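Each chain gets a letter, A, B and so on, in the order its sequence line appears, and its residues count up from 1. Computed from a predicted model, the values in this text were never measured in an experiment.
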There are 2 protein chains.
Amino acid sequence: MDTRTALLDSAERAARQRGFDAFSYADLARDVGIRKASIHHHFPVKADLAFGLIERYCARFADALRDIDSTSQTGAEKLRAYHQTYRSALADGSQLCLCVSMSAGRDSFAEPALEQLNQFHEDSTAWLTQVIQQGITDGSVSGFSAPEADAQATLALMEGAQLMARAASSLTPFDKATEVFLGKLA
Amino acid sequence: MDTRTALLDSAERAARQRGFDAFSYADLARDVGIRKASIHHHFPVKADLAFGLIERYCARFADALRDIDSTSQTGAEKLRAYHQTYRSALADGSQLCLCVSMSAGRDSFAEPALEQLNQFHEDSTAWLTQVIQQGITDGSVSGFSAPEADAQATLALMEGAQLMARAASSLTPFDKATEVFLGKLA
DNA sequence: GTCTATAGACTGATAGAC
DNA sequence: GTCTATCAGTCTATAGAC
């Protein structure tokens, strides 16, 4: 595999489990099997790694949303798939999605990375707004009435539920916190 | 003021703005006006500081909930006050509440601190469950039907909304994400 | 593109004087 | 309870050989 990709994979795992500031180039080097200094060839400073991580994550997430759009029919189906994305990202409660992890540690990041992070939030709520609207129209959801506000609330719910699950090292808090949300999907 | 208290104050500010691992004994020493080594007299190792921080926070939060109980009447009033607590903790969007901040960086903490953190989550949802139940009974809220699940969802919403606001350095995402919640309170 | 070697700064923590 | 002095360990980052 591509060394750059292997580094991003290792860094993503570490960032999601322990936070971006809690892993070092030494950890990455050990994990990937090269020397610390070699990492600087791919990511000259750690900020470059942060940006690379968020950039790849945003692209992947956008793909995932497009995939949901093309394989699910009703608004409710799409929202269930969206919920499942956040749920599986937790694994057994040992890691956050990259976005939550980086939102939490945002102080380490420079402008370009922060911009990507906020772009992600905007893209997510835009997609959610449209999908909730669709669900209202096709009658597959109930309990939503203001798609834009509902979208923001949904994103906050997913991120907060992840945080609680991570704190407890268990999926249970995530499932409990999103139970009412799932109940709105026919 | 008590040196120990001054240290806790400084550490809490730093933890909420930048995360628990992102400030050092050197930062604290500069801020409080003593030498690094002196801090170890009050908190021998940094884990002691983490525990002291969470311990004080839990006690304060419990006080705040008791205060809400004694000054607010209806369930809706209490939930509005609860929401306001999380909103003002954000300041201008520059800091998280300590619980969100520490949930995010939980990997640094030892068992006693983690236990307190989970206790906080349990106490919060227990209080919310009871208040939502009251709101249903007194007719001051609408849109809630399963108090316990609603309580978990409410806590996740507050924490997630804080995270989004912090990422954007603005109160706006918090307000948007909690708009629907506030609409349920008569 | 990867290596060895090293720089320079900072970390939490300790010993022991006052 | 606070200080000076210092430790061993870590961190990101760089220079230069191969």
Side-chain angles (χ1 to χ4, degrees), chain A residues 1-56 98 101-102 104-114, chain B residues 1-56 98 101-102 104-114:
Chain A
M1 196 207 319
D2 189 41
T3 302
R4 191 191 139 93
T5 304
L7 286 169
L8 283 174
D9 287 348
S10 174
E12 179 170 335
R13 217 174 311 126
R16 290 172 53 184
Q17 278 176 5
R18 318 199 299 271
F20 184 78
D21 291 325
F23 73 87
S24 68
Y25 273 30
D27 298 326
L28 253 48
R30 207 175 307 118
D31 197 30
V32 170
I34 59 174
R35 295 294 176 167
K36 275 196 305 175
S38 310
I39 302 176
H40 288 277
H41 172 75
H42 302 276
F43 303 99
V45 301
K46 213 186 173 186
D48 298 320
L49 180 56
F51 186 77
L53 234 37
I54 300 187
E55 188 183 40
R56 191 177 71 159
L98 193 63
S101 160
M102 293 201 127
R106 59 136 273 167
D107 244 73
S108 332
F109 309 129
E111 227 17 82
L114 284 180
Chain B
M1 198 208 317
D2 190 40
T3 302
R4 191 192 139 92
T5 305
L7 286 168
L8 284 173
D9 288 347
S10 174
E12 180 171 333
R13 217 175 310 125
R16 290 172 52 183
Q17 280 176 4
R18 318 199 299 272
F20 185 78
D21 291 325
F23 73 87
S24 67
Y25 273 30
D27 297 327
L28 253 46
R30 208 174 306 118
D31 197 30
V32 170
I34 59 174
R35 295 294 177 165
K36 272 200 310 175
S38 310
I39 302 176
H40 288 276
H41 172 74
H42 302 278
F43 303 99
V45 301
K46 214 184 173 188
D48 297 320
L49 179 56
F51 185 77
L53 234 36
I54 301 188
E55 189 183 41
R56 191 178 72 160
L98 192 63
S101 160
M102 293 200 127
R106 58 138 272 169
D107 245 73
S108 332
F109 310 129
E111 226 17 82
L114 283 180

Give a yes/no on whether any side-chain N or O of B:S24 is located under 4.0 angstrom from OP1 or OP2 of C:dC10. no
Base, sugar-phosphate or nothing for B:S38? Non-hydrogen atoms, less than 4.0 Å. base
note: B:K36, atom NZ; C:dG12, atom P; distance rounded to Å ~ 8 Å
With the side chain of A:A26 defined as its heavy atoms from C-beta on, choose the nearest nucleotide among C:dT11, D:dC3, D:dC11. D:dC11
Nearest whole angstrom, please: distance from the P of C:dG12 to the CZ of B:F20. 9 Å
Quick one: sort the B:Y25 and B:H40 rings into parallel, tilted or perpendicular, breaks at 30° and 60°. tilted
Answer yes or no: are there more than 12 heavy-atom neighbours, outside B:R35 itself, under 6.0 Å from its atom CZ? no
Roughly, in whole Å, what's the span from OH in A:Y25 to C1' in C:dT4? 19 Å
Taking 4.0 Å as the cut-off, does a side-chain nitrogen or oxygen of B:H42 come that near to OP1 or OP2 on D:dT2? yes
Could you please name the option among D:dT2, C:dT4, C:dA13 that lies closest to any side-chain atom of B:K46? C:dA13
What is the distance, to the nearest angstrom, from the CG atom on B:L7 to the C1' atom on C:dG12? 15 Å
Whole-Å distance separating the CZ atom of B:F43 from the P atom of C:dA13: 13 Å
Work out which heavy atom in A:S101 is nearest to a heavy atom in A:A15; give both atom names and the distance. OG-O, 2.9 Å
Would you mind checking if A:R18 and A:D27 are paired as a salt bridge, meaning a charged N to carboxylate O distance below 4.0 Å? yes
Please report, rounded to the nearest Å, how far the P atom of C:dC3 is from the CD1 atom of A:I39. 10 Å
Sub-3.5 Å donor-acceptor pair from the side chain of B:K36 to the main-chain atoms of B:S24, do we have one? no
Would you say A:H41 places a side-chain N or O within less than 4.0 Å of OP1 or OP2 belonging to C:dG1? yes
Of all the nucleotides listed (C:dT11, C:dT2, D:dT12), which has the minimum atom distance to the side chain of A:T3? C:dT2
Tell me: CZ of B:F23 to P of C:dC10, nearest whole Å? 18 Å
Could you please name the option among C:dA13, D:dA15, C:dT14 that lies closest to any side-chain atom of A:A37? D:dA15
Between D:dT12 atom C1' and A:H40 atom NE2, what is the distance in whole Å? 6 Å
